[in-house]
Engineer: 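First, the structure itself, so that you have it in front of you.
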Amino acid sequence: MTVRTRFAPSPTGFLHIGGARTALFNMLFARHHGGQYLLRIEDTDKARSTEAAVQQILNSLAWLGLSPDEEPVFQSHREARHAEVARELLAAGKAYLAFDTAEELAAMREQAMKEGRPPRYDGSWRDRDPSDAPPDRKPAIRLKAPRQGSTIVEDLVQGRVEVQNSELDDMIILRSDGTPTYLHAVVVDDHDMGITHVIRGDDHLTNTFRQCMVYDAMGWHRPYFAHIPLIHGADGAKLSKRHGAVGVMEFEAQGFLPEAVCNYLLRLGWGHGDEEIVPRDRAIELFDLKDVGRAASRMDYAKLTHLNGVYLRGAEDARLTEEVLKRLAHRGIDYGTLGGDRVRALMPALKERAKTLEELTSAAAFAAQEGPPPLEPKAATQLTPEAKALLADLAQFLTDAPWEQAELMNWLRDYAEVKGMKLGQVAQPLRIALSGSTQSPPIDAVLTALGRTEAMDRILAAAE
RNA sequence: GUCCCCAUCGUCUAGAGGCCUAGGACACCAGCCUUUCACGUUGGUAACACGGGUUCGAAUCCCGUUGGGGACGCCA
């Protein structure tokens, strides 16, 4: 059996971090078994689905490296098939026409709730003759649910779950306007797409029992199910916008790397011993549903940030430089070819001290820009008259220095020694002059990256 | 309300009856390294929700309590 999984988001908003993890698990599971990972857009709710959201989801998945192996399936394009299956069930006597109105159903639910019963459809039309129906009413099609016994699902994550059939009711599979309901469409599509493993959020666990009824009625083989726990916000409540960044593309904007986000998401709910850094290849190698936990987990931005730092330090300089220049431009910071080169030259040192691309961009700005950098408040207070005098003297001293990193370091050490100062006392004013900040990459690296002319300009400017 | 799921440091987790005086990671605190900041490194604070069983022995199995979460639509 070739494993086929799918991620099935509804395009009613941006792809959030929980959906991203579901997609990730689906992909990893399929890859681990050498199978396929597919995407189905569940856009049957015309009122809430938008083209923009579809595009957003596609972009988000692409950014994460979770694009599907085959063209996405649009559920809305398959409505004829859904209706066909519903009518087949009707013809086979496994479903029936129900002529209830929305008001009648609402009243039924309310009444049931009031009496402490579960709000279920009472099956009024199950055995009633359709000719009883008022002539102007359009019927929905309801599936006849078994009333005795129980339904058992052997969930690959949750284990064996059993629900009494008396808890279920005759669900609508085809609305009175001829469109399919979600519970029905999902089953038909999963079946037709040859999905072998349905991996989704555990908010769908109770739905599964209803879906099983469709599989059973059609005589179709049920796929394996795996319901993974949801992700909660830092406060333990369901993830929502007030929890800071939740949309996948927000993470991109905040300077997170897709591989770091994936690694973080993977470790949320899945573990393999003490392994924390699990790149894609390793994840594919190790991933198994039996290692997925059953408890909901919380979003922890501090840990994500740490992980991002790890991946950032390991990333290619060229890639990071490109990202930083793009972000500098986005910030409206002007840099020329020289500025770009300086950032490139400094990248190995820069990336050691940043955790996100945004931090990296801020840290690189001084090198990108032309001329003396703006002084940070803290740096300004350290630029005392004494410091300025020192810089003036240092400029003089460095005039004849060969502009090479190791050499420059030797010269600085010599200078400090001659003056009877510690290296730090020399390096710090220099750092401020060159970077405008009290924090920067090592001073020799900054000096060489800037080049003699630019460096000298800045030292002299700060000395005044 | 009814049904379903869950429960180890603040957070993510390791743990499938003795290897647990409960391990790792993030965060936090202290030290070291050091031209700043990071990185790195050493150490520290910190958890088996509670109550009953089962067993020679329970974080691990069972039951209950409490606490979280989810589902109950002609939404997906």
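Order of the sequence lines fixes the chain letters, A, B, ..., with proteins taken first and strands second; residue numbering starts at 1 for each chain.
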Engineer: When every nucleotide of nucleotides 31-48 of chain B is labelled 5' to 3' by its protein contacts under 4.0 Å (heavy atoms), B for base, S for sugar-phosphate only, - for none, what sequence of letters results?
Structural biologist: ----BBBBSS--------
Engineer: Work out how far the C1' atom of B:C3 is from that of B:A22, and round it to whole angstrom.
Structural biologist: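 Result for the C1' pair: 35 Å, nearest Å.
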Engineer: With a 3.5 Å cut-off and heavy atoms only, can you find an N or O donor on one side and an acceptor on the other between the side chain of A:Ser176 and the base of B:C74?
Structural biologist: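 Per atom types, the contact qualifies.
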Engineer: Mapping A:Ala302 and A:His204 to their closest nucleotides on RNA chain B, which lands nearer the 5' end?
Structural biologist: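 Whichever sits nearer the 5' end wins; that is A:Ala302.
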Engineer: Hunt down the Watson-Crick or G-U wobble partner of B:U41, both distances under 3.5 Å, from any strand shown, or write none.
Structural biologist: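 Partner of B:U41: B:G31.
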Engineer: Show me the donor-acceptor pairs within less than 3.5 Å that the side chains of residues 8-21 of chain A make with the rest of the protein, sequence neighbours left out.
Structural biologist:
residue	atom	partner	partner atom	Å
A:His16	ND1	A:Gly18	N	2.9
A:Arg21	NH1	A:Leu268	O	2.5
A:Arg21	NH2	A:Pro229	O	2.2

Engineer: Please measure how far the C1' atom in B:G15 lies from the corresponding atom in B:C74, and state the result in whole Å.
Structural biologist: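 Roughly 48 Å separates the two C1' atoms.
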Engineer: Is A:Glu42 salt-bridged to A:Arg200, going by a charged N under 4.0 Å from an acidic O?
Structural biologist: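 Salt bridge absent between A:Glu42 and A:Arg200.
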Engineer: Of A:Arg109 and A:Gly273, whose nearest nucleotide on RNA chain B comes first from the 5' end?
Structural biologist: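 Mapping each residue to its closest nucleotide by heavy atoms, the 5'-most match is A:Gly273.
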Engineer: Would you call A:Arg78 and A:Asp192 a salt bridge, taking side-chain N to carboxylate O under 4.0 Å as the test?
Structural biologist: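 A salt bridge is present here (some side-chain N lies under 4.0 Å from a carboxylate O).
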Engineer: Using a 4.5 Å cut-off on heavy atoms from C-beta on, say whether the side chain of A:His184 contacts that of A:Ile141.
Structural biologist: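 A:Ile141 vs A:His184: side chains apart.
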Engineer: What about A:Arg294: does its side chain form a donor-acceptor pair under 3.5 Å with the base of B:C5?
Structural biologist: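 No such pair is found, so the answer is no.
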Engineer: Quick check: any donor-acceptor pair below 3.5 Å linking the side-chain of A:Asp274 to the base of B:G23?
Structural biologist: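 Yes, a donor-acceptor pair under 3.5 Å.
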Engineer: How far, in whole Å, is B:C39 from B:U45 if one measures between their C1' atoms?
Structural biologist: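 The same atom, C1', in both gives a distance of 24 Å.
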Engineer: At less than 3.5 Å, do the side-chain atoms of A:Glu276 and the base atoms of B:G24 form a donor-acceptor pair?
Structural biologist: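 Side chain to base: pair present.
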